[in-house]
Structures are given as structure tokens and as C-alpha cells.
Amino acid sequence: MAGHAPPGAAADPAVRPHPRQGEFGFTVGTRLCRPDGSPALGRTGTITTPHGRIRTPAFVTVGTKATVKTVLPESVRELGAQAVLANAYHLYLQPGADVLDEAGGLGAFMNWDGPTFTDSGGFQVMSLGSGFKKVIDMTAVETSGADDAVAPGKERLANVDEDGVWFKSHLNGDMHRFSPEISMGVQHRIGADIMFAFDELTTLHNSRSYQVESLERTRRWAERCIAEHFRLTDERAHKPYQALFGVIQGAQYRDLRRKACLDLGALPFDGFGIGGALEKENLGTIVGWCSAALPEDKPRHLLGISEPDDLFTAIENGADTFDCVSPTRVARNSAFYTPHGRFNLAGQRYKRDFTPLQEGCDCYTCANYTRAYIHHLYKAKEMLSHTLISIHNERFVVRMVDNAREAIGNGTFFELKERTLSAYYAGKPDPQGP
Ligand SMILES: [Zn+2]
């Protein structure tokens, strides 16, 4: 940041915007209104990145290791995905961020010319480290009660201190260090259009006092991320501008979420991620608290949702983008989405079912293949089944969010929500199949 702050400036240099931030943009389009005419928090918008635009709300496909599992990048484009999110932790361990830097960045490396995201690595460092999945916990400092919980039967693989986190590679057990500065360095070398600040994750099991302490640490880390991000932006002036999103923690506490939004909202982030363990029943409430308290003119990303009810709830409460591994993960277990629920193609009833996965679906898979064929592939352990179901599932979720965006634009969001969710969760599926 040296060189940007005038001599004798009293303010923390990290809080001054960087001149190149204008290369990233967000504009709000239509604001969502409730049926009674009162304003809701949802909106449409457009995110502008050096690799193209994202019309929001948008579902961002996950390509953890620089690949949307089993799906060609050309197919990812064809199924309507607007952006891909990769994982800094995985790419740091393998093949190494330097390799992506040499390749010209994540997009060039994986032959995806659209916008890209990377998460900070914090979630994987800390969640893989504690053995928990979504509900994670880690601290070397406190040793009593829930604040030191580790998943049963799991060894603690990550320890947090004020400066950062030591963690053990899930690949070979080697020890590695992540800190705000290291995460920024890794994410700059990976080169995605949108990066996330390195934050500490807490769980719903942590005590409130630990949440307070952790939130302060995340704020200090956020300032360090911005300072290092701006330094790297200057150092790598020949590279396309990479935007940085701050991550809002605060668990299920309204005052803590609000404090995080105000603290981080005052910093020159390009956007925000809403993070932390969210219980399904509190999702809308917590996203709503954050949307109401964050700067209106910056995009908000919600990490890790794809169930139809969660998507509509998040959109209604002001989330602009979301990502999730589910569409491809469940596809590898032969589950496919339809407007009438999720079904499992492994069932014998599909053996002679020569209809597409979803009647009327506009995806490549449904245009060309039958349930009987994909059922056969799955039973025969042919990898093509993963590819074909993944294409359909990704298209299904992308299309659902596209429809929600269009419905905000033409004032039919709540009708679409009611119609979509009542069909999807109609109860027991027809035993003859959807
Ligand atoms: Zn389809």
C-alpha cells in the first residue's frame, strides 16, 4: 500500500480504496417487491469482471480442483453456467498456485474463458482440519468444553493462532501454514476474478465468547487481507484486476452478524461473502440481517447452497450469487433433479424407461439420452453416467436461478417460488417415477 497513502495520513492505509477497483463493478437492476408492495431485500444485478459479466442472482458452478467434476468446460458453458468457483486450498496443494500463474491463471489453465472465483482456503483448512464437514471447530488456545471439539475419531489437523493456521495436508500429512497474507498470495497466483478474504470459521457449538473473539480476529485478518491484496495488485500491475470479497461471520447471533457487516462494510472490499455454519431454518433470517446491514451497491455471495428452497430463500433475502458442489456430487451417486423432486436413477424401474431424465428439459443430456441408457451406464460403472447426470443437474439449478432472476424482473418472483417449491416438495413421489 506504500505509495497510495499521502505522507502523514492518520487513517489506516488499508481502508483507502485502490485505484484499480474500478475495473470490477456491480450494478443493481430491479429490486424485489413483496405481493403487498413492500420492498424485500432481493434484487437483480450485474457483476462486471475482466472476464465478462455475471447477471445476478446467479448460480456459480463449483470446479474445486479447476474442473467441474466430469464435465467439459465447453459443456459447462453450454449448460448456461456464468462462472466457476475453484478452491484455493486444493489448488495450493496440487498442482501448486505457481503452475496456475504460469498458465495465465485459473481460467486459461482450465480452458474456461468466463468469470472465475476462488474461496480463501480457510473453509477447507479448518473444516478438513477438525474432521467436521460443514460444522467445524478449531482452536489451540481454548481447551475446555465445546470450543475444543473435534469430530469423534478424528485427529485435530488444524490449529488457529492470531497470525494464521497450521494445518496438515489431507493428501500426505505434510504441515502447511495459511495466513491472510499467504492466502492472498495463493489466490493472486491462481488468478480468479473474485477472491475471498481469509477468515476464521466457527461452529454453532462454539461459545458466544469464542464467537466474539473469533469475529475480532476475522476483522483483523480482513484488514491484513486488504493490505496484502493491494500490495499484490500493485506488484502484479500487468495482470487483470482481481476483486476481493470480505467474509461475514457471526454464527446465529444477530448483533455479531450486524457488527461484522458494519466493520467489514466500512473496508474497501469489492463485495462480501456470507459465511459460517447456517442452519437451514435460519438461513433466510441470517442472510436478511447481513443484506440489510451491508453496503447496497456491492454484491453478496452465499457459500454452499443449492437446494431449491434454500435458493429461493437466499435470493429473496438479498444473496446475489451462490455456489454448491451438490449438483455434481449427487450425480455421481446417480441422483437427478426434476421439477417434482430428486430421484435416484439406480432404481430398477428405470431399466426400460426410454424417456429423458426430465421431460421438456433443454439440456444436452435430455436432448440426447434416456433414463434407461444412463441407468445402464451407472449400473455398469461407466463414468459417462456421472457426466450426463452432472450436465442435467447443473442445468437444472442454473435454470432455476435464471428463472428466479427473470421473475424478479417481471414481478412474478413469489408466484414462481410458490409454484416451484410446491411441485418440488409435493411429498411422496409417484412410485412409477416422476
Ligand atoms: Zn436435462
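Counting starts at 1 for both ligands and their atoms, following the listed order.
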(request) Return the set of protein N, O or S atoms whose distance to the Zn ion (ligand 1) is under 2.8 Å, each given as residue and atom. (result) Cys361 SG, Cys363 SG, Cys366 SG, His392 ND1

(request) Run the numbers on His375 and Phe343 for ring-ring contact (aromatic ring centres under 6.0 Å, His included), then give the verdict. (result) CA-CA 12 Å; His375 166 88; Phe343 296 87; over 10 Å; no

(message) Using a strict threshold of under 4.0 Å (side-chain N to carboxylate O), is an ion pair present between Asp101 and Lys239?
(response) yes

(request) Consider only side-chain N and O atoms of His18 and Thr233, and report whether a donor and an acceptor are under 3.5 Å apart. (result) no

(message) For the residue pair Thr202 / Gln211, report whether a side-chain donor-acceptor contact shorter than 3.5 Å exists.
(response) yes

(request) For side chain to side chain contact (heavy atoms under 4.5 Å, CB included), just list the numbers for Leu357 and Thr365, CA-CA rounded to whole Å, side-chain angles, deciding distance to a tenth of an Å, and then say yes or no. (result) CA-CA 8 Å; Leu357 291 179; Thr365 299; 4.0 Å; yes

(message) Run the salt bridge (charged side-chain N to carboxylate O under 4.0 Å, His left out) test against Asp255 and tell me which residues pass, sequence neighbours left out.
(response) Arg208

